[in-house]
Amino acid sequence: MPELPEVETIARALRIGGRVYPDGSVGQAVQGQIIQSAAVLWPRTVAYPTAAEVEAHLPGQSILQIGRRGKFLVFSLDRDHLLIHLRMSGDLIVEPVDRPLAPHHRFWIGFQDGLRLVFNDPRKFGRIWLTRDPENVLGGLGPEPLSPEFTPQEFFTRLQKYHRQLKPLLLDQSFLAGLGNIYSDEALHRARLHPLRLSHTLQQEDAGRLWQAIREVLEEGILKQGSSIDWVYRGGDFQDSFRAYQRTGQPCPNCGTPIERIVVGQRSTHYCPHCQSIDR
DNA sequence: ACGAGCGCCTGTCGGC
DNA sequence: TGCCGACAGGCGCTCG
């Protein structure tokens with residue numbers, strides 16, 4: 001599920017609790033909990049250091065703070081930082097330790113009061129890191145799109161710097177942290193920019209519209225608690241606000257022209273051929 | 001400096 | 001019904 005709004009939704013739920021899962025149970029907060037045990041069920045889930053070291057180093061540490069950087073969840077512990085990337089199909093679930101382990105559980109942390117935090121990930125693409133310095137992992141990320149440091153002027157300048165198609169550029173986490181396939185298609189549609197338009201051809205006004213559109217779709221996404229699509233229900237409602245993503249053949253909300261689907265960088269890309277013209 | 005292709009994985013869906 | 005390809009919210013790698 002994981003783009004910025006979904007990861008932010010999960011981070012908030014782990015901080016304050018109250019997330020309702022598909023089975024109707026309600027997840028509790030885990031911020032402040034003391035880790036009692038840790039188990040890695042699929043060793044390749046651990047990107048760094050090793051499954052054995054993760055299991056050895058986590059017990060005894062407290063979860064002081066739960067944050068997000070781009071699509072990474074950041075757990076600040078007494079000594080280390082636990083970083084989790086959900087990739088395509090990962091999710092974090094808080095449940096009682098006496099519940100049987102589900103087939104797609106890859107990693108879990110047990111707490112003193114009988115709860116555990118589980119990393120569930122059917123496709124096994126998700127990764128975790130345990131490191132003293134989170135910058136080792138997060139250092140290459142581009143700006144945080146909802147932060148005050150991300151300004152229209154700075155965005156315009158960096159768009160000029162590259163001669164790249166907008167869609168792959170927006171998906172590049174070193175350019176901007178947090179956008180994925182859904183929110184980049186939605187942002188480009190709202191900004192009325194073609195996904196293959198080259199970044200350096202944007203005028204300041206185009207860049208300003210794109211900057212605004214990115215902030216809008218992310219803020220709306222967070223407000224709606226992310227997008228729920230396909231067979232994995234997540235609880236968010238932003239899918240009801242899609243204007244382009246997965247709307248191939250359906251009318252553009254602006255002009256009625258059928259939305260088209262092309263493949264860019266191996267990813268489905270949805271856009272309105274009328275509103276999002278390739279030439280300015 | 002770019003974009004394309006592929007691998008990593010499991011599951012769902014539509015067509016035949 | 002069963003099989004088979006296309007496709008899925010991500011990203012790191014190689015290759016031109």
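Letters A, B, ... are given to chains in the order of the sequence lines, protein chains preceding strands, and every chain is numbered from 1. Keep in mind it's a predicted model, so treat the numbers as computed, not measured.
Among the heavy atoms of the strands, none lies under 4.0 Å from A/Y183. A/R127 comes within 4.0 angstrom of no nucleic acid atom, judged by non-hydrogen atoms across all strands.
Rounded to whole Å, the distance from CG on A/D91 to P on C/dG10 is 15 Å. The distance from atom NE2 of A/H104 to atom P of B/dC9 is 14 Å, rounded to the nearest whole Å. Here B/dC2 presents its C1' atom at 17 Å from NZ of A/K167, a figure rounded to the nearest Å.
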N/O-N/O pairs, protein side and nucleotides 3-6 of chain B side, under 3.5 Å:
unit_1: B/dG3; atom_1: OP1; unit_2: A/Q165; atom_2: N; d: 2.7
unit_1: B/dG3; atom_1: OP2; unit_2: A/R164; atom_2: NE; d: 2.9
unit_1: B/dG3; atom_1: OP2; unit_2: A/R164; atom_2: NH2; d: 3.4
unit_1: B/dG5; atom_1: OP2; unit_2: A/Q266; atom_2: OE1; d: 3.4

Between protein and nucleic acid, restricted to nucleotides 12-16 of chain C and to nitrogen or oxygen atoms under 3.5 Å apart, what atom pairs and distances do you find?
none

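A/I259 belongs to no hydrophobic cluster, as no Ile, Leu, Val, Met, Phe, Trp or Tyr side chain comes under 4.5 Å of its own.
Between A/R19 and A/D91 a salt bridge is recorded (basic side-chain N to carboxylate O distance below 4.0 Å). A salt bridge does not link A/R197 with A/D279: none of the charged nitrogens is closer than 4.0 Å to a carboxylate oxygen.
For residues 117-145 of chain A, the set of pairs meeting the ring-ring contact (aromatic ring centres under 6.0 Å, His included) definition, not counting sequence neighbours, comprises A/F72-A/W129.
Across every non-hydrogen atom of A/A244 and A/E186, the tightest pair is N-OE2, 2.9 Å.
Residues that satisfy the side chain to side chain contact (heavy atoms under 4.5 Å, CB included) test with A/S199, not counting sequence neighbours, are A/L159, A/Y162, A/R164, A/L166, A/L169. For the side chain to side chain contact (heavy atoms under 4.5 Å, CB included) test, no residue two or more places apart in sequence or in another chain qualifies with A/P59. Applying the salt bridge (charged side-chain N to carboxylate O under 4.0 Å, His left out) rule to A/K71 yields no partners; only residues at least two apart in sequence or on another chain are considered. Contacts of A/R158 classified as side chain to side chain contact (heavy atoms under 4.5 Å, CB included), with partners at least two apart in sequence or in another chain: A/P143, A/E154, A/F175. Listed by chain and residue number, A/E205, A/D206 satisfy the salt bridge (charged side-chain N to carboxylate O under 4.0 Å, His left out) test with A/R209 (two or more places apart in sequence, or in another chain). Annotation: side chain to side chain contact (heavy atoms under 4.5 Å, CB included) contacts of A/L41 (sequence neighbours excluded): A/L101, A/H105, A/W108.
For A/K71 and C/dG9, the shortest distance from a side-chain N or O to OP1 or OP2 is not below 4.0 Å. Between A/H85 and C/dG10, a side-chain N or O to OP1/OP2 separation shorter than 4.0 Å is absent. For C/dC7, one of the phosphate oxygens OP1 or OP2 lies less than 4.0 angstrom from a side-chain nitrogen or oxygen of A/R261.
More than 12 heavy atoms of other residues, nucleotides or ligands shown are found within 6.0 angstrom of NE2 on A/H200.
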- Pair pattern of DNA chain B in dot-bracket, where unpaired bases get dots and | marks partners in another strand, Watson-Crick or G-U under 3.5 angstrom: .|||||||.|||||||

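Taking the six-membered ring for Trp and the full ring otherwise, A/H189 and A/Y271 have centroids separated by 6.0 Å or more.
With C1' as the reference atom, C/dG10 and B/dA1 are 22 Å apart, rounded to whole Å. Going from the P atom of C/dG5 to that of B/dG7 covers 15 Å, rounded to whole Å.
Contact check of residues 174-182 of chain A against DNA chain C (heavy atom, cut-off under 4.0 Å) returns A/G180, A/N181, A/I182.
The aromatic ring of A/F125 sits over the base of B/dC8, with ring centres less than 5.5 Å apart and planes inclined by under 30°.
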